[in-house]
Structures are given as C-alpha cells and as structure tokens.
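What's counted below: heavy atoms across the whole structure, side chains too, no hydrogens, waters or symmetry copies. Letters A, B, ... mirror the listed sequences (proteins, then strands); counts begin at 1.
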Amino acid sequence: MRPTAASSVPPHPQAVAELHDLVIDWFDDNARDLPWRRPDAGAWSVMVSEFMLQQTPVSRVLPVHQEWLARWPRPADLAEEPPGEAVRAWGRLGYPRRALRLHAAATAIAQRHGGEVPHEHDALLALPGVGEYTAAAVASFAYGRRHVVLDTNVRRVFARLVSGTAYPPNATTAAERRTAGGLLPADEATAARWAAATMELGALVCSARSPECGRCPVASRCAWRLAGSPAHDGPPRKGQSYAGTDRQVRGRLLAVLRASREPVAQSALDAVWHEPVQRARALDGLVEDGLVEPLAGGTYRLPL
DNA sequence: CACCCGTGGTT
DNA sequence: TAACCAAGGGT
C-alpha cells in the first residue's frame with residue numbers, strides 16, 4: 001500500500017460529519033434553482049440534463065433542456081421520433097453524438113424498462129451514453145440513492161480540500177475514488193444531498209480559475225489553503241485545440257444538415273470547407289457515427 | 001490510457 | 001487574443 005496524501009490521513013468521523021453539515025447547509029442556502037432540481041422534475045428530466053451537461057455549461061443547457069422536456073416529456077416520446085430529430089433539437093450544444101446516444105437510451109428505456117428510467121446503477125450504466133459519472137448522478141439526484149458522484153467539480157473540490165493540490169489528476173484515479181468513498185455519508189438521503197452539494201460548491205465557489213475562498217464554508221479546513229494555495233505543479237493540463245480540426249469541419253457540416261428539412265446536396269456541404277480530403281474525412285466520420293445519412297444521388301440528411 | 005468528439009463564453 | 005474551461009463517454 002503506497003501512502004498518499006489522501007489515504008495517509010484517516011478522516012475522523014466527527015470532522016467528516018462537520019464537513020457534511022457545513023457543505024450541505026451551504027447548499028441549502030446557495031443552490032441554484034435549476035429545472036432538473038425542482039421537486040416536480042422526474043428522473044427523465046434529470047437524465048436529459050446530465051447528458052446535456054456533459055462538457056457543456058449550465059447556461060447553454062437551460063433553454064434546450066426546457067424545449068426537450070416540453071416536446072418529449074417521457075423517454076418513449078423521444079423514442080418514437082427518428083434519431084435525426086434528436087440531433088436537430090440538440091442545436092448547438094456541441095458533441096452531437098450525445099443526442100444520438102440519448103435517443104438510443106430513450107429507446108432502450110422504452111423497450112427494456114417499461115418506459116421508466118432505471119433506478120439501479122448497473123442498469124443505468126448499460127444505457128448508451130451513460131458512463132460511471134452519469135449513472136451515479138441519475139441514481140443519486142433522481143432517486144436519492146447513495147453513490148460516489150465524481151465529476152470535474154467534485155474532483156477539484158476534493159483535490160483542494162483533502163489532497164491540498166490546486167487541481168485533480170488528469171484522469172480519475174483509484175485514490176480519488178477512495179477519498180470520495182471515505183467521505184460519502186452513510187445515510188442514503190444525506191449521501192445524495194452531499195453529492196449535489198459538493199458539485200455545486202465546485203461550480204459556484206471552488207471554481208477552476210478563480211476560487212472564491214472567502215465564500216467557502218469549509219475554507220478553514222481546506223488542505224490547499226492551509227498549504228498556502230500552491231500553484232499547480234504536475235504535468236500540464238490537457239488543452240483542447242479546435243481551429244482547423246476535423247471537429248470544426250464536422251460541426252460546420254452538421255450545422256448545414258440541421259438547418260435543412262430536405263436532403264442537402266453535396267455541393268452545399270462542399271462549401272463549408274476548402275480542403276477536400278479533410279472535408280471528405282469529416283463527412284465520412286459523421287456517416288460512420290450515424291449522425292448523417294447518405295442518400296442515393298449524392299445527397300445527405302439527418303438520420304431517420 | 002491517450003485520444004477523439006463541438007461550441008461559445010471568459011480571462 | 002490565444003488559452004482555458006464547461007455536470008464525460010467511447011474506443
């Protein structure tokens with residue numbers, strides 16, 4: 001067993017209970033009023049929000065989430081539509097494969113789960129587009145179950161609060177899961193509250209760029225602060241390039257297709273990018289992913 | 001495990 | 001302004 005900063009300090013139950021109270025009390029006073037958090041929000045609303053929030057800010061998700069829930073109030077409603085409609089309604093949220101996977105998940109829910117979003121982590125995890133985080137988040141937020149919910153916000157909060165580093169590792173580690181598991185309240189309802197509260201703390205106060213420690217309910221116990229808020233020292237955090245990549249070309253191609261109810265001619269797609277090899281590769285990729293359907297005659301459309 | 005997958009706001 | 005960042009998942 002290799003000693004680590006996180007595991008070498010067994011948390012005292014009393015201190016952990018105080019953390020729970022401080023963060024959850026803060027959450028009671030500061031939680032944003034988000035549609036998928038309201039009492040009348042069902043599991044489907046939570047699940048749609050989780051898909052949309054993958055790598056996408058809340059502010060951009062809000063209007064699209066509202067449209068989706070109004071148009072498709074239940075998973076079966078979405079499943080009845082062609083996948084291309086999900087891609088179209090996804091709009092400019094980005095990563096449109098999420099729309100396809102959410103449609104596929106809705107279809108699986110309609111077919112295999114009687115139209116109800118599953119309660120169990122395992123069943124959720126088996127759905128397309130649902131990974132470890134999303135399965136835990138839906139089970140916890142929608143059904144009040146006890147799970148370690150490790151997203152980028154929670155990982156950053158624990159990195160600072162427990163490990164004393166400015167940022168978590170690039171990839172989620174077993175040590176992080178251990179830390180999070182050790183801090184998870186034993187009581188199911190409290191655990192679910194804790195999951196939402198730590199996530200919100202990371203989003204609103206313990207942010208990546210400029211944490212507002214003056215507003216943090218646990219600043220006095222934060223290992224990072226107590227260490228003098230040292231700068232990030234590890235390997236450089238992965239940057240995302242975009243300009244000139246296939247992703248940019250795919251985005252332009254799909255934007256043209258989303259905008260048209262009719263099949264689009266090859267010439268209209270050719271106009272979005274000057275370089276023919278990359279353009280063809282991007283279009284092939286979209287077809288390969290099922291985001292675009294090629295038709296006889298050299299036209300294209302969103303999938304039916 | 002490294003890399004790919006969109007988009008737009010903030011610093 | 002270029003870089004960074006945003007409730008990840010799949011391969």
Along nucleotides 6-11 of chain C, 5' to 3', which nucleotides get a B, which get an S, and which get a -, given that the test is a protein heavy-atom distance under 4.0 Å? BBBBS-

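- At a cut-off of 3.5 Å, with distance as the only test, a side-chain donor of A/Glu50 or A/Tyr133 sits close to an acceptor on the other residue.
- A/Tyr242 comes within 4.0 angstrom of a base, heavy atoms only.
- Of the side-chain N and O atoms in A/Arg92, none sit less than 4.0 angstrom from OP1 or OP2 of B/dG6.
- A donor-acceptor contact shorter than 3.5 Å is absent between the side chain of A/Glu212 and the backbone of A/Gly214.
- Atom CG of A/Leu100 and atom P of B/dG6 are 11 Å apart (whole Å).
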Full working for side chain to side chain contact (heavy atoms under 4.5 Å, CB included) between A/Val148 and A/Leu183: CA-CA 9 Å; A/Val148 169; A/Leu183 290 175; over 6 Å; no

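- Look at the C1' atom in both C/dT1 and C/dC5: the space between them is 16 Å, to the nearest Å.
- Among residues two or more places apart in sequence or in another chain, the side-chain contact (heavy atoms from CB on, under 4.5 Å) test is passed with A/Val64 by A/Met52, A/Trp68, A/Leu93.
- Side-chain atoms of A/Trp273 do not come within 3.5 Å of backbone N or O of A/Gln248 as any donor-acceptor pair.
- Using a 4.0 Å cut-off between charged nitrogen and carboxylate oxygen, A/Glu81 and A/Arg88 do not count as a salt-bridge pair.
- Below 30°, between 30° and 60°, or above 60°: for A/His20 and A/Trp194 the angle between ring planes is above 60°, a perpendicular geometry.
- Residue contacts for A/Leu254: at a heavy-atom cut-off of 4.0 Å it reaches no nucleic acid atom on any strand shown.
- Listed in residue order, the members of residues 259-280 of chain A having a heavy atom less than 4.0 Å from DNA chain C come to none.
- Distance A/Leu291 CG to B/dC4 P: 18 Å, rounded to the nearest Å.
- Each of A/Arg252 and A/Ser210 was assigned the nucleotide of DNA chain B with the nearest heavy atom; the assignment lying further toward the 5' end belongs to A/Arg252.
- A salt bridge does not link A/Glu85 to A/Arg301: none of the charged nitrogens lies less than 4.0 Å from a carboxylate oxygen.
- In this structure, A/Asp289 reaches neither bases nor backbone, as no heavy-atom distance under 4.0 Å exists between it and the strands shown.
- Projected onto DNA chain B by closest heavy-atom contact, A/Ser59 and A/Thr172 fall at different nucleotides, the more 5' of which corresponds to A/Thr172.
- Hydrophobic clustering (side-chain heavy atoms under 4.5 Å, transitive across Ile, Leu, Val, Met, Phe, Trp, Tyr) keeps A/Val61 apart from A/Leu100.
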